[in-house]
Amino acid sequence: MLDYELLRVIWWLFLGVLLIGLAIMDGFDLGVAALLPAVARTDVERRVAINTIGPVWDGNQVWLILGGGAIFAAWPAIYATAFSGFYIALFLVLAALIIRPVGFEFRNKITDPRWRSFWDWALTIGGIVPSLVFGVAFGNLLQGAPFRIDADMRIFYEGTGLFELLNPFGLLAGLVSLCMLLSHGAVYLSVKADGPVRQRAERILGITAPLTALLFGLAGVWVAYGLPGYTITSPLVTDGPSNPLLKQVAIESGAWLKNYATYPWMLIAPVLGLTGQLLALALVRAGRPGTAFIASGIGLFGIIATAGVSMFPFLLPSSLDPVSSLTVWDASSSQRTLFIMLICTLIFLPIILAYTSFVFRTLRGRVTAEQIERNPTAHY
C-alpha cells in the first residue's frame, strides 16, 4: 500500500484535476447557455447555439458528479462542512442545474415563440448562476469559512447564510469565474457554430477575454496586499491521524504567497491564468479556433490551479477558529480508503476520457443554420 502522505497528495491532485475537468468540459456549455441572448437573435440562431452543446452537455455533467463523489469519499470533513455551510448557494446551483435539462428537453416541443423564449431564458439562467456561484465559493475559501470543530470532532458552521458569501472579494472571484466561462463558451462557439452566431461570439470574446485577465490580476493584487492568509505554525505531520485540532494555525498577511517563494515553479499557474484567455483570443482572430479552445482550457487550468497551489495544504480554512482549518494532512479518509479509491480511479477515469474523446470526435464539425432549417423537428 502506498504511503499515507503520498496518497493524500495524490488525492489533492485528483481533486484539482476533477475541478479543472469540470471547468473545461462543463464550463463551455455553461458559457454557451449564458451567452444565448447575446449571440443569437432568431429562433434558428438560438437553435444553432443550443445544438452545439445539446448532444454533449449531459455527458459533461459527469465531472460534477465525480468531483462531488471524490470530495465525499476522500475528504469527508470538507464535504460535511462545505455542503452544510454553503447550503443555500449550492441549492441555487442545484436549482439552476435542474432547469437546464428541462430547458433542453422542452423548448422544442412547442413552436410558440413565447414558450421557446421562456426556456431559452431558463437555459441562460442555468448557465449564469453556477458560473457565478462556483467563483463566489472559491473566493470564500480563500477568506476562510466561519466554522469550528469541538473536542468530539463535531463541526459547527456559524455563518449567517447566502449574503455573507456575497462579500466584495467573493463577488470579485465570482466575476472572474463568470467571465472565464463566458470566454470559454465563446471560443467553443467559434469552433462549433457558423454564421452570425460565430461572429457575435468572437466579438464577445474580444471583451470577456481581456476582462477575465484584468479581474484575475485584480484578485491576485487583492490576495497579495489586502487578503490575509493562513499558515501552519506547529511542526508539520503529514502522515498523522485526520484530526485538525492537532496543529496550530495563524492568520498572516501575504500567507497565500508563501508557496510561490518556496516553490517558484508554481508561478506557472498564475502566468497561465493571465495569458490563457488572451492567447485564445489571439488564436481565434488568427483563424485557429481549435487551438484557441486548447489555450482557453489552459487558461482555466491556470486560474483554478492558482487558487489550489496558493492555499496548499489548506482545503477549507476556518475564519472563526483557525485551528479547525481543514488541510490535506488532517481532513482525509483513511489510508486504505484512499488506496482503494485510487485503484478504482485509475481504472475508470481512462474509460471516461476515452468515451468523451470518442463522442467529441464523432460529433466533430460545425452546426449551421442550413442544417437546422432542413430539420425543423430536431430534438433541440
Side-chain angles (χ1 to χ4, degrees), residues 20 22-40 49 52-53 124 127-136 138-139 142 168-193 196-227 260 267-310:
I20 292 167
L22 171 64
I24 293 174
M25 299 305 300
D26 205 23
F28 71 75
D29 57 60
L30 290 173
V32 169
L35 288 171
L36 197 57
V39 299
T52 64
I53 59 174
T124 300
I128 292 174
V129 171
S131 302
L132 184 66
V133 172
F134 285 145
V136 169
F138 265 94
L142 285 163
F169 185 79
L171 290 173
L172 175 60
L175 290 176
V176 172
S177 174
L178 178 60
C179 285
M180 77 176 187
L181 295 187
L182 289 176
S183 295
H184 199 48
V187 174
Y188 183 77
L189 286 174
S190 180
V191 175
K192 289 290 293 181
V197 174
R198 177 186 179 185
Q199 294 166 6
R200 294 185 191 114
E202 291 177 353
R203 287 198 295 269
I204 290 171
L205 181 63
I207 299 172
T208 56
L211 187 57
T212 300
L214 176 63
L215 292 173
F216 179 61
L218 178 59
V221 172
W222 196 329
V223 169
Y225 297 103
L227 190 70
Y260 298 106
L267 288 169
I268 193 173
V271 170
L272 292 177
L274 282 170
T275 60
Q277 300 291 341
L278 297 177
L279 179 59
L281 173 60
L283 289 168
V284 164
R285 290 180 173 175
R288 301 175 62 185
T291 310
F293 186 78
I294 296 174
S296 179
I298 291 173
L300 267 63
F301 166 85
I303 291 174
I304 297 172
T306 296
V309 299
S310 297

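The model shown is predicted, which means the values in this text are computed figures rather than measured ones. Values reported hereafter were calculated over all heavy atoms of this structure, with side chains retained and with hydrogens, waters and symmetry mates removed. Numbers here are sequence positions counted from 1.
- In this structure, L218 and L172 have side chains that are in contact, with non-hydrogen atoms separated by less than 4.5 Å.
- Under the 4.5 Å side-chain criterion, counting only non-hydrogen atoms from C-beta, V39 is not in contact with Q199.
- Listed for the T52 side chain is a donor-acceptor partner under 3.5 Å among the backbone atoms of A49.
- Annotation: ring-ring contact (aromatic ring centres under 6.0 Å, His included) contacts of F138 (sequence neighbours excluded): none.
- Counting heavy atoms of neighbouring residues, nucleotides and ligands inside a 6.0 Å radius, atom CD1 of I268 does not exceed 12 of them.
- Under the side chain to side chain donor-acceptor pair (under 3.5 Å) criterion, D29 pairs with N60, R100, sequence neighbours left out.
- Annotation: side chain of F216 is not in contact with side chain of C179 (no heavy-atom distance under 4.5 Å).
- Contact of the V187 side chain with the L281 side chain is not registered, since no non-hydrogen atoms from C-beta on lie closer than 4.5 Å.
- A side-chain hydrogen bond (donor to acceptor under 3.5 Å, both in side chains) check over residues 211-226, counting only residues at least two apart or in different chains, returns nothing.
- A salt bridge (charged side-chain N to carboxylate O under 4.0 Å, His left out) check over residues 272-291, counting only residues at least two apart or in different chains, returns nothing.
- Using a 4.5 Å cut-off on side-chain heavy atoms (C-beta onward), Y260 and T306 make contact.
- Side-chain contact between V223 and L227: present, with at least one pair of heavy atoms (C-beta onward) separated by less than 4.5 Å.
- The side chain to side chain contact (heavy atoms under 4.5 Å, CB included) check on I128 picks up A34, T124, L178, with sequence neighbours excluded.
- Taking 4.5 Å as the limit, every side-chain heavy atom of L189 sits out of range of all side-chain heavy atoms of R198.
- Counting only heavy atoms from C-beta outward, the side chains of F134 and L181 never approach each other to under 4.5 Å.
- Screening residues 173-191 for side-chain hydrogen bond (donor to acceptor under 3.5 Å, both in side chains) gives S183-T208, H184-S296, S190-E202 as the qualifying pairs, with residues at least two apart or on separate chains.
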